Amino acid sequence: MLNCHFSLSFAVKNININHRNSLALFSSSNQGATRPVLPRARCHSARRFTGMAVSPARVFASLIPATGGVCGNVDGLELNYTAKRASSPPRSPARRVEVTGSAELSSPPDRAALTVSVSSSKQSVNDAANSVTRRLEYIAQTARQHGAKEEDTVVTKHIQREGDLYRMQAEVSVVFSDFEKMECVRSVLIEKLDKSVCVGDPQFSHSEGCLSLLRRRVCVAAVETARLKAKEVCNVLGQALGRPLLVREEDSREWTCGQQESVALPLTLQQKVGQMTVWASSRVFVTFELRPKDGTRKNL
């Protein structure tokens, strides 16, 4: 129910008593005109006021409010209306459980770049170019036979003059995703080509997609660890684990094992891969809703 509070005030200019024994109140407006503001009321004792001088009067009325708020002034009728909205009862804080979870995962490199250098010195520019071109074609053919793609092969050439000779150098870089096939190509090139061809050591690296997958996996693993921890806490307290309310990753790191300072023997392929393995860690903060179990709810 809406209760109101306002004050009503008006000035009574005169009181007229007519032959019907009726009492009427008139208010004065800003223009000086008089008009009734209250309905006529029967008054049996009005005759005794006949001939008496009547002074102006002010009448005030008020009601106590509950809600809302209005202020106004209408034709000499002052209206002040103030109310307060009924405040809703405070909600009890939600029951919840807050835990942290962490995880560490590793990812080996998924790319290996094999670089092969070819050089030739001849008295003629064409002879030097032809010698290098024949070797480049053999290198590209060997790489394609072992699954290398054309878009993963980059060739650069450079020619310069050294005295009376022309020296041409070329470099081929082939990226492999299969490390065993890369080793086969490397072995074939070392065996079949002469000393004018230099086959370098493979360079291992991670593609952007591989690193992105690692970051997502380690974060999900940390959240799963937090969920299992919260579930065990609820079991101890005799409660049920509700929906997650907040998940926030507070820390994430990435690192590699790095190069060894002193190596007595040449590293094997697996050792080289291990050195370039990327490790990632994640720590998350998770808030779950805490709910009573079905049996506890029935008892309540």
Side-chain angles (χ1 to χ4, degrees), residues 105-215 217 253-280:
L105 293 177
S106 63
S107 176
D110 63 333
R111 295 161 56 95
L114 182 64
T115 302
V116 182
S117 299
V118 181
S119 62
S120 178
S121 298
K122 302 291 183 179
Q123 294 181 349
S124 170
V125 175
N126 293 332
D127 293 341
N130 292 334
S131 177
V132 171
T133 301
R134 288 195 303 268
R135 290 170 173 81
L136 291 178
E137 291 177 353
Y138 180 79
I139 294 171
Q141 181 182 0
T142 304
R144 287 194 300 268
Q145 291 176 351
H146 290 81
K149 299 179 181 180
E150 184 176 356
E151 57 267 22
D152 294 332
T153 303
V154 179
V155 179
T156 57
K157 298 179 181 180
H158 175 69
I159 189 170
Q160 64 182 6
R161 188 168 185 174
E162 297 178 350
D164 296 336
L165 301 178
Y166 292 92
R167 180 178 178 83
M168 185 172 185
Q169 294 179 333
E171 186 177 273
V172 183
S173 179
V174 186
V175 178
F176 293 87
S177 57
D178 191 332
F179 298 164
E180 293 184 358
K181 292 182 178 181
M182 180 271 300
E183 279 293 327
C184 291
V185 172
R186 187 171 181 272
S187 300
V188 170
L189 296 180
I190 292 175
E191 180 182 356
K192 299 296 183 180
L193 298 179
D194 55 16
K195 295 181 179 180
S196 62
V197 178
C198 179
V199 181
D201 294 333
Q203 301 295 323
F204 297 97
S205 62
H206 292 75
S207 63
E208 187 60 32
C210 180
L211 293 177
S212 178
L213 178 61
L214 175 62
R215 298 182 185 113
R217 286 176 53 210
R253 293 188 303 138
E254 296 178 10
W255 70 94
T256 58
C257 295
Q259 300 290 335
Q260 297 181 0
E261 295 182 358
S262 60
V263 180
L265 298 176
L267 297 177
T268 63
L269 178 63
Q270 294 298 328
Q271 290 174 338
K272 293 178 181 179
V273 171
Q275 284 187 346
M276 296 304 299
T277 297
V278 173
W279 289 80

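These numbers come from the heavy atoms of this one structure, side chains and all, not from hydrogens, waters or symmetry mates. Since the model is a prediction, treat every value here as computed from it, not as a measurement. Count residues from 1 along the sequence.
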For the residue pair [X] and [Y], establish whether any side-chain heavy-atom pair is separated by less than 4.5 Å.
X    : Y    : value
L193 : V118 : no
M168 : K157 : yes
W279 : L214 : no
V172 : V154 : no
W255 : V278 : no

message: What I want to check is whether the side chains of Q160 and E162 have a donor and an acceptor closer together than 3.5 Å.
response: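 Present: a donor and an acceptor within the cut-off.
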What are the two closest non-hydrogen atoms of [X] and [Y], and how far apart are they?
X    : Y    : result
S117 : E171 : OG-OE1, 3.9 Å
F179 : P109 : CZ-O, 3.2 Å
S107 : T277 : O-CG2, 3.5 Å
L114 : G200 : CD1-O, 3.4 Å
M276 : T256 : O-CG2, 4.4 Å

How long is the gap from [atom1] on [X] to [atom2] on [Y], to the nearest 0.5 Å?
X    : Y    : atom1 : atom2 : value
Y138 : L189 : OH    : CG    : 6.5 Å
S205 : L211 : OG    : CG    : 9.0 Å
I159 : Q169 : CD1   : CD    : 10.5 Å
S120 : D127 : OG    : CG    : 8.5 Å
I190 : C198 : CD1   : SG    : 9.0 Å

- prompt: Is there any side chain to side chain donor-acceptor pair (under 3.5 Å) pair reaching into residues 180-201, and which pairs are they, with sequence neighbours excluded?
  reply: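 Sorted pair list: R135-D194, R135-S196, R186-D201, D194-S196.
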- prompt: Which residue pairs satisfy the side chain to side chain donor-acceptor pair (under 3.5 Å) criterion with at least one member in residues 141-153, sequence neighbours excluded?
  reply: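 Every candidate side chain to side chain donor-acceptor pair (under 3.5 Å) pair involving residues 141-153 fails, so no pair, neighbours aside, qualifies.
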- prompt: Sub-3.5 Å donor-acceptor pair from the side chain of D110 to the main-chain atoms of S207, do we have one?
  reply: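 Answer holds: yes.
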- prompt: Taking H206 for the side chain and P108 for the main chain, is one N or O donor matched with an acceptor at less than 3.5 Å?
  reply: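 Checked: pair present.
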T133: partners by side-chain hydrogen bond (donor to acceptor under 3.5 Å, both in side chains), with sequence neighbours left out: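 Counting only residues at least two positions away or on another chain, T133 forms no side-chain hydrogen bond (donor to acceptor under 3.5 Å, both in side chains).
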query: For atom CZ of R111, is the number of surrounding heavy atoms from other residues, nucleotides or ligands below 6.0 Å larger than 12?
result: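 Atom CZ in R111 is not crowded, with 12 or fewer foreign heavy atoms closer than 6.0 Å.
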- request: Inspect the surroundings of NZ in K122 and state if more than 12 heavy atoms from other residues, nucleotides or ligands are less than 6.0 Å away.
  value: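 For K122, atom NZ is not crowded (no more than 12 foreign heavy atoms under 6.0 Å).
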query: Taking only residues two or more places apart in sequence, or in another chain, which ones meet Y166 in a ring-ring contact (aromatic ring centres under 6.0 Å, His included)?
result: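 Here no residue qualifies.
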query: Under the salt bridge (charged side-chain N to carboxylate O under 4.0 Å, His left out) test, which residues partner R215, sequence neighbours left out?
result: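 R215: salt bridge (charged side-chain N to carboxylate O under 4.0 Å, His left out) contacts with E208, E254.
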- request: Return the set of residues passing side-chain contact (heavy atoms from CB on, under 4.5 Å) with R134 (not counting sequence neighbours), or none when no residue passes.
  value: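 Counting only residues at least two positions away or on another chain, R134 forms a side-chain contact (heavy atoms from CB on, under 4.5 Å) with N130, S131.
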